[in-house]
Amino acid sequence: MGFLAWIILGLIVGAIVKAVMPGRVGGGWVTSLILGVVGAIVGGWIGSLLFNKGDLAFFDLGTWILAIVGGLVVAGIYGAVTGRGRASRAP
């Protein structure tokens, strides 16, 4: 699967991440879509290393799972770094 396909998949994953983690990802939809793209690329890269697959297909369920998990991980890290996702902040 080419880089452009991972970007398209990442945009879809970004929308899924925004739906799953609405309060934890700050910055709105643009940030979620960018995090989805980064997460999909990272998830695909890690998946290709772990499962020794050179080329993952766009319509393969494993590709989607790797991209979604990668998106959630990247969004979680982003939320932790930026301080988002805390239930309440003490003044």
Side-chain angles (χ1 to χ4, degrees):
M1 190 163 78
F3 189 72
L4 183 60
W6 278 109
I7 290 175
I8 293 169
L9 178 63
L11 292 173
I12 297 167
V13 167
I16 293 171
V17 167
K18 186 66 172 178
V20 171
M21 302 173 65
R24 298 185 186 259
V25 181
W29 279 96
V30 174
T31 303
S32 297
L33 295 176
I34 291 171
L35 292 175
V37 170
V38 172
I41 292 171
V42 168
W45 177 69
I46 291 173
S48 66
L49 290 176
L50 289 177
F51 302 120
N52 201 16
K53 282 185 158 181
D55 191 21
L56 299 171
F58 185 80
F59 293 106
D60 185 22
L61 181 62
T63 302
W64 283 84
I65 291 172
L66 287 171
I68 291 170
V69 169
L72 290 172
V73 168
V74 169
I77 291 171
Y78 176 79
V81 168
T82 60
R84 303 263 180 199
R86 295 186 184 145
S88 64
R89 294 185 184 182

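Please read all numbers here as calculations on a predicted model, not as lab measurements. Side chains are part of it too, since the values below use all heavy atoms of this structure and drop only hydrogens, waters and symmetry mates. Position 1 is the first residue of the sequence; numbering continues from there.
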- Note on the structure: The reported gap from CG in Leu4 to CD1 in Ile8 (rounded to nearest 0.5 angstrom) is 4.5 Å
- Considering only heavy atoms from C-beta outward, does the side chain of Val17 approach that of Leu35 to under 4.5 Å? no
- From Ile46 atom CD1 to Ile41 atom CD1, the distance as rounded to the nearest 0.5 Å: 12.0 Å
- Considering all heavy atoms of both residues, which atom of Leu33 and which atom of Leu11 are nearest to each other, and what is their separation? CD2-O, 3.2 Å
- Item | Nearest non-hydrogen partners of Val74 and Gly39, listed with the distance | CG2-CA, 3.6 Å
- Side chains of Tyr78 and Val38 in contact at under 4.5 Å (non-hydrogen atoms): no
- Query: If you round to the nearest 0.5 Å, how far is CD1 of Ile12 from CD1 of Ile68?
  - Reply: 9.5 Å
- Message: Show the nearest heavy-atom pair for residues Ala40 and Gly10, with the distance to one decimal.
- Response: CB-CA, 3.6 Å
